[in-house]
Trainee: 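One structure, as structure tokens, below. Some questions next.
Along the sequence shown, residues carry numbers from 1.
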Amino acid sequence: MKVKKRIFFDIHSWIGVKLSILFFIVCFSGTLATLSHEMDWLFNPDIRATSQEQFASRNLIMQNFQSAFPNGRMTFWMRTEEPYLCDILYKEENGKRSYVFANPYTGEIQGEAFLTFQRFFRDLHYFLFIPFQIGHFTVLLFAFLLFTSLITALVFYKKWWKKLFQLQVGKGSLFFFRSLHRLVGLWSIPFTLLFSITGIWYFLERANIAEVATRSNPPVPKIQLNGALVATYNTNTIDYDRVAALAEEAIPSLKAGDIVPSRGESGPIYITGHSNVPLVRQRANRVYIHPESYEVIDVQKASDIPAVMYLNDIADPLHFGNWGGLPTKILWFLFGLAISSLVLSGIWITAKKKALKRKKNKKKLMGSWYWMNWLIYSVMILFMYYIIIENYHASHTAIIAVTAGWTSFIAMAYYLFVYKLKKAIS
């Protein structure tokens with residue numbers, strides 16, 4: 001039995017140490033993503049809105065959009081779920097995409113940005129800015145590793161359920177941090193399970209295992225526009241008030257949210273929103289409307305969707321904690337920080353414990369995995385700069401801010417695991 005527990009401990013340590021750099025980036029980026037909208041609110045006054053009883057006319061917002069950007073085309077209308085944030089209208093102009101902030105209560109266009117905190121941290125956590133599906137599956141692999149790390153810890157940590165309030169003090173820093181690592185890990189069990197299981201679900205969807213992606217993402221119905229309309233069709237001239245009203249009429253409990261205007265000659269207008277079904281994201285409710293006749297073509301109600309689709313539509317709210325508004329997002333953020341700290345404290349404990357052994361046999365803690373971690377990190381950084389410059393057309397201020405953030409990350413890693421560790425063992 002002791003041998004088996006030692007094997008589980010070795011697996012737990014191997015994951016935490018050998019993959020520590022990437023593990024921390026994946027966990028911490030997801031943590032920041034939970035409050036990324038709030039970061040936009042904090043650092044960008046243009047996105048702030050003061051909640052009022054009634055929303056402004058969507059047609060008024062679109063008129064103001066056209067006045068501010070006569071050559072711009074709206075491709076996606078995000079009605080944020082946070083009452084203190086503006087609507088975000090995706091704008092295409094001269095081959096460039098930007099985000100326009102429209103006050104949903106006054107209809108005023110308050111500003112524009114090419115890159116937001118929300119978009120940056122979602123992309124970082126989603127695929128590490130590494131294209132060709134490599135980044136997506138690299139991130140999703142850590143869902144399995146997080147789950148494995150939890151299970152192995154529970155196996156080798158004896159009677160862990162009796163130690164939810166045990167914190168060892170007065171026995172030195174190594175004993176304290178090891179005890180704190182265990183205590184934080186125990187209290188984080190529900191969230192570690194939640195993050196890992198939803199991450200595994202994302203893997204099933206992206207790999208389309210058991211046709212999860214096919215079954216949970218039904219095809220958009222096809223339409224045919226009138227030949228005369230095709231030549232003059234403009235997504236900015238749609239009657240969006242009428243579209244929202246038709247959607248809410250089709251699903252009586254619906255509060256119309258995001259709108260995707262028709263794309264091409266065969267695409268209907270696509271409206272999503274929240275109804276009286278809890279937990280699910282907006283797109284669990286879908287209403288498709290013909291942009292010419294304003295006929296409701298198809299309706300999907302969250303109350304009627306099959307089990308696979310329901311699971312797919314609760315994954316995001318559960319993973320990022322936005323199902324309950326700001327209170328749940330803060331709670332998810334705090335436990336995300338706790339899990340991220342487990343990666344740092346775990347490698348610190350292991351590094352300090354084995355420091356003298358490494359000093360004698362000159363064996364590196366991470367070995368060749370040290371270079372593997374930093375190689376992937378370097379590839380990620382190169383693609384990140386390419387994407388935010390070429391695809392997002394980020395401003396000089398944004399590039400400087402991103403660079404400062406990553407410089408701080410490297411400085412912190414050096415301070416903790418080089419300078420501080422050498423000082424501790426000397």
Side-chain angles (χ1 to χ4, degrees), residues 32-69 74 76-91 98-113 115-122 238-249 251-261 271-285 287 302 313-314 316-334:
L32 295 177
T34 61
L35 289 179
S36 54
H37 272 310
E38 285 64 34
M39 293 179 197
D40 282 318
W41 182 93
L42 181 64
F43 292 103
N44 189 352
D46 291 341
I47 202 173
R48 299 173 190 171
T50 302
S51 179
Q52 299 179 24
E53 290 185 6
Q54 290 186 336
F55 288 113
S57 162
R58 287 190 186 249
N59 290 343
L60 172 63
I61 294 175
M62 185 49 60
Q63 290 171 12
N64 292 337
F65 175 89
Q66 286 184 284
S67 298
F69 310 101
M74 191 273 288
F76 179 63
W77 188 324
M78 177 192 293
R79 172 141 289 178
T80 58
E81 299 175 28
E82 297 82 1
Y84 43 83
L85 294 178
C86 285
D87 286 3
I88 301 176
L89 279 63
Y90 288 40
K91 174 176 73 74
S98 63
Y99 306 97
V100 175
F101 308 127
N103 192 307
Y105 308 105
T106 66
E108 179 187 359
I109 302 299
Q110 297 187 177
E112 177 187 18
L115 183 65
T116 64
F117 281 93
Q118 191 270 343
R119 187 71 269 154
F120 178 84
F121 285 116
R122 281 297 180 97
I238 293 172
D239 187 342
Y240 286 103
D241 285 334
R242 184 178 179 185
V243 164
L246 287 169
E248 291 177 349
E249 184 180 333
I251 304 177
S253 61
L254 183 73
K255 292 182 179 179
D258 299 344
I259 298 179
V260 182
I271 304 97
T272 66
H274 286 300
S275 61
N276 55 6
V277 179
L279 283 182
V280 295
R281 55 186 167 185
Q282 286 195 37
R283 74 179 194 184
N285 294 289
V287 180
D313 284 324
I314 66 172
D316 266 9
L318 290 177
H319 192 77
F320 292 103
N322 54 19
W323 58 272
L326 186 59
T328 54
K329 288 203 287 185
I330 292 175
L331 183 63
W332 260 241
F333 176 81
L334 293 174

Trainee: For a quick test of reading the model, state the closest non-hydrogen atom pair linking Asp46 to Phe101 and the distance between them.
Mentor: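 Here Asp46 and Phe101 meet closest at O-CB, 3.6 Å.
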Trainee: Check Gly107 against Ala56 and note the closest heavy-atom contact, atom names and distance.
Mentor: N-CB, 3.6 Å
Trainee: Do you know the tightest heavy-atom contact between Ser275 and Asn285?
Mentor: OG-ND2, 3.1 Å
Trainee: Any idea which heavy atoms bring Tyr84 and Lys329 closest together, and the distance?
Mentor: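 Closest approach of Tyr84 to Lys329, heavy atoms only: OH-NZ, 4.2 Å.
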Trainee: With a 4.5 Å heavy-atom cut-off, do Lys91 and Phe65 have their side chains touching?
Mentor: yes
Trainee: Could you tell me the separation between the CG atom of Leu279 and the CD1 atom of Ile314, rounded to the nearest 0.5 Å?
Mentor: 6.0 Å
Trainee: If we check side chain to side chain contact (heavy atoms under 4.5 Å, CB included) with Pro104, which of these qualifies: Asp87, Leu85, Thr80?
Mentor: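 Of all the options given, the one that passes is Asp87.
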Trainee: Hey, could you give me the CD/CG distance between Glu38 and Leu42, rounded to the nearest 0.5 Å?
Mentor: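 So the CD of Glu38 and the CG of Leu42 are separated by 10.0 Å.
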Trainee: When rounded to the nearest 0.5 angstrom, what is the spacing between CZ in Phe117 and CE in Met39?
Mentor: 7.5 Å
Trainee: In Å, rounded to the nearest 0.5 Å, how long is the span from NE2 of His37 to CZ of Arg119?
Mentor: 9.0 Å
Trainee: Could you tell me whether Asp313 and Arg281 make a salt bridge, using a distance below 4.0 angstrom between a side-chain N and a carboxylate O?
Mentor: yes
Trainee: Once rounded to the nearest 0.5 Å, what's the spacing between atom CG of Asn322 and atom OG1 of Thr328?
Mentor: 7.0 Å
Trainee: To the nearest 0.5 Å, what is the distance between SG on Cys86 and OH on Tyr105?
Mentor: 9.0 Å
Trainee: What pair of heavy atoms forms the shortest contact from Glu248 to Ala256, and how long is it?
Mentor: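 Minimum heavy-atom separation between Glu248 and Ala256: OE2-N, 3.0 Å.
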Trainee: Which residues pass the side chain to side chain donor-acceptor pair (under 3.5 Å) test with Glu108, not counting sequence neighbours?
Mentor: none
Trainee: Does atom CD (Glu249) have a neighbourhood of more than 12 heavy atoms from anything else shown, all under 6.0 Å?
Mentor: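 Open: at most 12 neighbouring heavy atoms sit under 6.0 Å from CD of Glu249.
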Trainee: Please report the shortest heavy-atom distance between Met62 and Trp77, naming the atom on each side.
Mentor: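 Minimum heavy-atom separation between Met62 and Trp77: CE-CZ3, 3.8 Å.
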